[in-house]
Amino acid sequence: EMGATAALAHTGALVGSDRSFSAMLRHYNAIRVDDFGDWVEHLEVFGREKPPRGRRIGVVTNSGGEGEYFADKAEQAGIPLSLFSDGLRAAIMDEFPNFVHVGNPVDCWAIDDDRVVFPRVFQMLAESGEFDVLISAIDHSYWLQGTERSLATGIADDLRKAVEGT
């Protein structure tokens, strides 16, 4: 309501209820985002030269909690994550025996040296042909400092290299 009152002073005629706005978005198959970060991420995905081929998503994280949150949000968005194939799970576990479980998202934290496990797992997912989109579900926020920032930057680079040319 406060937003509507403030908007009345600015645009007046464009103010309406949130329910009406949501209905209009559904009618036009538009995607609603609730914060600036989500908006930027949607612009990145939908602004790409080549759109994703499909809805098969593979996710890598460095936190079980972030992975669980991502899986819940994907399901809420109508794009539930699928398990990796038995062959891909076995290949990852053969190469990195410290994994107790390989799921989707796959949590690579404390499995091996991060400069080994993250690039290799991203490469294995990219080469598997099981996914249309690969995602790094890792905190890449401005507030990271020192080694946390270098870890996040390294993981983002690992993803970029794994999908280069696809």
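Note that these values count all heavy atoms, side chains included, but never hydrogens, waters or copies made by symmetry.
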Taking side chain to side chain contact (heavy atoms under 4.5 Å, CB included) as the definition, give me every residue that meets it alongside [X], ordered by chain and number, with sequence neighbours left out.
X      : answer
Arg32  : Asp18, Phe21, Ser22, Leu25, Asp34
Asp113 : Arg115, Val116
Asp72  : none

Give a yes or no on whether the backbone of [Y] and the side-chain of [X] come within a donor-acceptor separation of less than 3.5 Å.
X      : Y      : result
Asp38  : Val33  : no
Asp112 : Val117 : no
Arg26  : Ile31  : no

| If you count the non-hydrogen atoms of other residues, nucleotides and ligands that lie under 6.0 Å from CD in Glu75, is the total more than 12? | no
Are [Y] and [X] co-members of a hydrophobic cluster defined by side-chain heavy atoms under 4.5 Å apart?
X      : Y      : result
Val106 : Leu83  : no
Ile135 : Val102 : no
Val60  : Leu88  : yes
Leu159 : Trp109 : yes
Val133 : Val163 : no

| request: Not counting sequence neighbours, list each pair that qualifies as a ring pair (Phe, Tyr, Trp, His ring centres under 6.0 Å) and has a residue in residues 73-96. | output: Phe84-Phe131
Can you tell me how far apart [atom1] ([X]) and [atom2] ([Y]) are? Round to the nearest 0.5 Å.
X      : Y      : atom1 : atom2 : value
Phe118 : Thr61  : CZ    : OG1   : 7.0 Å
Glu66  : Lys73  : CD    : NZ    : 14.0 Å
Glu130 : Asn104 : CD    : CG    : 9.5 Å
Arg55  : Ser82  : CZ    : OG    : 10.5 Å
Thr147 : Arg149 : OG1   : CZ    : 11.5 Å
Met93  : Asn98  : CE    : CG    : 10.0 Å

Restricting to ring pair (Phe, Tyr, Trp, His ring centres under 6.0 Å), what partner residues turn up for [X], sequence neighbours left out?
X      : result
Phe122 : none
Phe70  : none
Phe36  : Trp39

| task | List, by chain and number, the other hydrophobic cluster members for Val100, where Ile, Leu, Val, Met, Phe, Trp and Tyr join if side-chain heavy atoms come within less than 4.5 Å, directly or indirectly. | result | none
Please list, chain by chain and in numerical order, all residues satisfying side-chain hydrogen bond (donor to acceptor under 3.5 Å, both in side chains) with [X], sequence neighbours excluded.
X      : result
Asp86  : Arg89
Glu68  : none
Gln145 : none
Lys161 : none

Least distance between heavy atoms, [X] atom then [Y] atom:
X      : Y      : answer
Pro105 : Leu81  : CD-CD1, 3.6 Å
Pro119 : Asp114 : CD-O, 3.5 Å
Ala152 : Asp139 : CB-O, 3.6 Å

| query | Hey, which of Val59, Ile155, Leu144 is the one that makes side chain to side chain contact (heavy atoms under 4.5 Å, CB included) with Ile138? | reply | Ile155
| query | Does some side-chain heavy atom of Phe99 sit less than 4.5 Å from a side-chain heavy atom of Asp94? | reply | no
